[in-house]
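For reference, the structure is listed below as structure tokens.
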Amino acid sequence: MKRTHHCNELRRAHVNQIVTLSGWVHSRRDLGGLIFIDIRDREGRTQTVFDPSDWAKERFEQAATLRSECVVSITGKVRQRPEGTNNVKIPTGEVEVMAQSFEVLNLAEVLPFPVDDPEVASKVNEELRLKYRYLDLRRPEMARNLRLRSKVANTTRSYMEEQGFLEVETPILFKSTPEGAREFLVPNRREPGTVYALPQSPQQFKQMLMVAGVERYYQLARCFRDEDQRADRQLEFTQLDLEMSFIDREDIYALIEGLLQRVWKIALNLEVPTPFKRISFEEALNRYGIDKPDTRFAMELVDFTDDFRASTFKVFSGAIANGGVVKALNAKGLAGATQGQLETMTEYAKSFGAKGLAYIKVENGEWKSPIVKFFNATEKQALIAKLKIEEGDLILFAADQWLTACEILGKIRLYCADVLKGQGKLTLPGDQFNFLWVIEFPLLGFDREQNRWYSSHHPFTAPVTEDIPLLKTDPKKVRGQHYDIVVNGVELGGGSIRIHQPAVQKTIFEELLALPPDVVQARFGYMLEAFRYGAPPHGGIALGFDRMMAILCGTPSIRDVIAFPKTAKGTCLMTDSPSAIEPKQLRDLHLELKVKQPPPASAPEA
RNA sequence: GGGGGCGUAGCUCAAUUGGUUAGAGCGCUGCCCUGUCACGGCAGAGGUUACGGGUUCGAGCCCCGCCGCUCCCGCCA
């Protein structure tokens, strides 16, 4: 019996046809005389009916033994359901299949957790879901995520092809470039002591493709970073990686806006307006305290540096005298914050090196605060005017160096938003997507501990042309031609116009990043050489594909959009990897273990 | 590397200040049931309270350790 239709296909138009459905027993309702078996496949489910008058007693009893998740083929005649028995919850609910014959293709033991009940299944311990991922993926919600991912990948590829991009695969076995994220290393059997590294991104290869004259490259590229994980970070993840020649930033903006517009239309049937808003790094920090602002709610930071420059409150005026700033935000309606909530916010402030967190609770027409007694009338008036203070508000202050003060309040702003959401005072519509380009990042940051400059993005980012003279005089002021695409507070991706002149690249490596020439030669020599043979101006971007899918699927964790994700500790609970290896494998690789090797999985526990 | 949360039946969860035989719903097994779709009814089985110690007359509960999952900070050019 070969299947003739899938389980989401039959409608009234199919009535009287003989059909065969194949799939899993989703549920069985045995009424004694009459048995209903819902058969489920990837597409949906269909009700089949076993009527004893159609069957030999023995065969009918066999049908009664079919239980959840057995794999079956059922053949029968499609008919309209009797009056009043339609199931409006499923698309096939107007018809049913009167079973005439069935074949059990495989039995199923009782599952470790239910896959047929979304309410229960969505709450199942993730450890169990990961161990039995093949069952977890049977759940319609997870299957939907996989399907949407495939659809979006497909949409992305068509769009990129339409735009003249070539999909090119780059190596997974790459070389170690120990700047940046920790890498996964692969020992080389052929030359003891040497290793490959798995790429953190195809960055260098895609730039070489530009030198190669590919002009427009893209790839759904697997990337690897051996860092600790998060809900939105896995050891291996997928990026839409692309690079273009003979373009400027505007071309990238337009390309990505077009792509996201199409993806959102196809995945969610939503019209995304373009062009996206743009905000400079500096403005993002000033207003939201973070370089990936969630602009769906305001609660913006307000500057009070000028108002408190001469204040008798030394915590504020002192910070300003030290070259710092005073900033505040108004958490509207949060005057009732608990002691614990205030402590959490104070901890945020302290984690940035602040001594504490100044606040004002506006309750019963009164300003309740340990610091308000230090404020004079003018200062109070400035607060009321700029923060629009009203009954029930909670005002929070940061007085510190500019970046630190912004970041403290940025954290607190997000925390307050979470609290307000929990109290139902802030509601963000599920179909609101605030896309935003964050631009004009500083090209370099300064590491006080190591007393050296580092690239805030990566060392291939081109400076803004008019800032190039500042490279040697005031590196801190140099802006990079870098851009991040942000949606609802999530960094969806980032990229830049790259350096294509060997001299500029060399200056960055050797003079600013202070890499010794021999190190530069060993790591990047081939790039510098390549740039000498006619490198076109070029730039690109990479979008976190898993993150984008998580947003589209409405889930907080990228694990829900990756078929076989790893745990926070980097293990695969289904296959039990990583695992110990045989001594012979170590010998082949010329490796010796300094730690006691864990016992092979088959050995009994010691 | 650090901080928080969780771990009780196959699953989801209860269990008063530390006090009787650790309960419920779902699932499972058996019987009954011809229009169910969260089918219904009756009966039943199912527990090393993650694991190892400790305190106590007595520990699911308190303490120490350890394992696992998870969230966050650091980290992620």
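One can place CG of Leu573(A) at 12 Å from C1' of U70(B), the figure rounded to the nearest angstrom. The CD atom of Glu347(A) sits 14 Å away from the P atom of G74(B) (whole-angstrom rounding). Rounded to whole Å, the distance from CZ on Phe36(A) to C1' on C33(B) is 13 Å.
Of the charged side-chain nitrogens involved, at least one lies within less than 4.0 Å of a carboxylate oxygen, so that Arg139(A) and Glu141(A) count as a salt-bridged pair. Remark: Lys566(A) engages Glu236(A) in a salt bridge, criterion side-chain N to carboxylate O under 4.0 Å.
When the C1' atom is used for both G10(B) and C28(B), the distance is 8 Å, rounded to whole Å. The same atom, P, is picked in G54(B) and in U21(B); the two are 23 Å apart, to the nearest Å.
Applying the 4.0 Å criterion to OP1 and OP2 of C69(B), one finds that Thr571(A) has a side-chain N or O inside that range. Contact annotation: Thr567(A) side-chain N/O to C69(B) OP1/OP2 distance is under 4.0 Å. Residue Lys89(A) places at least one side-chain N or O under 4.0 Å from the OP1 or OP2 atom of A38(B). When the side-chain nitrogen and oxygen atoms of Lys411(A) are compared with OP1 and OP2 of C73(B), one or more of them lie within a distance under 4.0 Å.
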Tabulate atom names and distances for all N/O pairs under 3.5 angstrom spanning the protein and nucleotides 27-30 of chain B.
unit_1 : atom_1 : unit_2   : atom_2 : d
U29(B) : OP1    : Arg67(A) : NH1    : 2.8

Restricting both atoms to N or O, compile the protein contacts to nucleotides 11-15 of chain B shorter than 3.5 Å, with distance only.
unit_1 : atom_1 : unit_2    : atom_2 : d
U12(B) : OP1    : Asn125(A) : N      : 2.7
U12(B) : O2'    : Lys123(A) : NZ     : 3.4

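No side-chain donor-acceptor contact under 3.5 Å links Gln229(A) and Arg559(A).
Minimum atom distance to the side chain of Leu31(A) is reached by G35(B), of the listed U70(B), C75(B), G35(B). For Lys569(A), the side-chain atoms get nearest to G68(B) when compared with the rest of G68(B), G35(B), C71(B).
Take the nearest nucleotide of RNA chain B for Gln203(A) and for Tyr348(A): the residue whose nucleotide is more 5' is Tyr348(A). Sequence order on RNA chain B of the closest nucleotides to Met98(A) and Ser456(A) puts Met98(A) first from the 5' end.
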Which pairs of donor and acceptor atoms, one on a side chain in residues 484-494 of chain A, lie under 3.5 Å apart (sequence neighbours left out)?
unit_1    : atom_1 : unit_2    : atom_2 : d
Asp484(A) : OD1    : His482(A) : NE2    : 3.0
Asn488(A) : OD1    : Asn434(A) : N      : 2.8
Asn488(A) : ND2    : Gln432(A) : O      : 2.9

Show me the donor-acceptor pairs, under 3.5 Å and distance only, between side chains in residues 176-185 of chain A and residues at least two apart or in other chains.
unit_1    : atom_1 : unit_2    : atom_2 : d
Ser176(A) : OG     : Glu183(A) : OE1    : 2.7
Thr177(A) : OG1    : Glu183(A) : OE2    : 3.4
Arg182(A) : NH1    : Asp226(A) : O      : 2.9
Glu183(A) : OE2    : Thr177(A) : N      : 2.9

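Counting non-hydrogen atoms under 4.0 angstrom, Asn86(A) reaches a base of the nucleic acid. Residue contacts for Arg129(A): at a heavy-atom cut-off of 4.0 Å it reaches no nucleic acid atom on any strand shown. Among the heavy atoms of the strands lying under 4.0 Å from Ser455(A) are primed sugar atoms or P, OP1, OP2 only; no base atom is included. Within 4.0 Å (heavy atoms only), Asp226(A) reaches no atom of the nucleic acid at all. Nucleic acid contact class of Glu96(A) (heavy atoms, under 4.0 Å, all strands): base. Heavy atoms of Leu513(A) sit nowhere under 4.0 angstrom from any nucleic acid atom.
Counting all heavy atoms, side chain and backbone alike, Pro202(A) lies closest to Cys223(A) at CD-SG, 4.1 Å.
Nucleotide U34(B) forms a pair with no other nucleotide shown, judged by Watson-Crick or G-U wobble geometry with both contacts under 3.5 Å. If you check U12(B) for Watson-Crick or wobble pairing at under 3.5 angstrom, you find it paired to A24(B). The partner of G52(B), taking Watson-Crick or G-U wobble pairs whose two distances both stay under 3.5 Å, is C64(B).
Checked against the 6.0 Å centroid criterion, the rings of Tyr454(A) and Phe446(A) do not qualify as a close aromatic pair. Note: Phe102(A) and Phe50(A) meet the aromatic proximity criterion, with ring centroids under 6.0 Å apart. Between Phe460(A) and Phe524(A), the gap from one ring centroid to the other is short of 6.0 Å.
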Q) Step by step, would you call Phe441(A) with Tyr483(A) a ring-ring contact (aromatic ring centres under 6.0 Å, His included)? A) CA-CA 7 Å; Phe441(A) 285 77; Tyr483(A) 31 80; 9.3 Å; no
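Residue-to-nucleotide contacts include a donor-acceptor pair under 3.5 Å from the side chain of Arg81(A) to the base of C37(B). Contact of Glu127(A) with U70(B) (side chain to base): no donor-acceptor pair of N or O atoms is detected under 3.5 Å. A donor and an acceptor atom never sit less than 3.5 Å apart when one is taken from the side chain of Glu227(A) and the other from the base of G74(B).
For RNA chain B, the residues of residues 229-241 of chain A within the heavy-atom distance limit of 4.0 Å (strictly under) are Arg230(A), Ala231(A), Arg233(A), sorted by number.
At least one side-chain heavy atom of Pro91(A) sits under 4.5 Å from a side-chain heavy atom of Arg11(A). Side-chain contact between Arg249(A) and Trp437(A) is absent, with no heavy atoms from C-beta onward closer than 4.5 Å. The closest side-chain heavy-atom distance from Glu127(A) to Leu573(A) is below 4.5 Å.
The side-chain contact (heavy atoms from CB on, under 4.5 Å) search around Asn145(A) returns Met142(A), Cys553(A), Asp560(A), Val561(A), not counting sequence neighbours.
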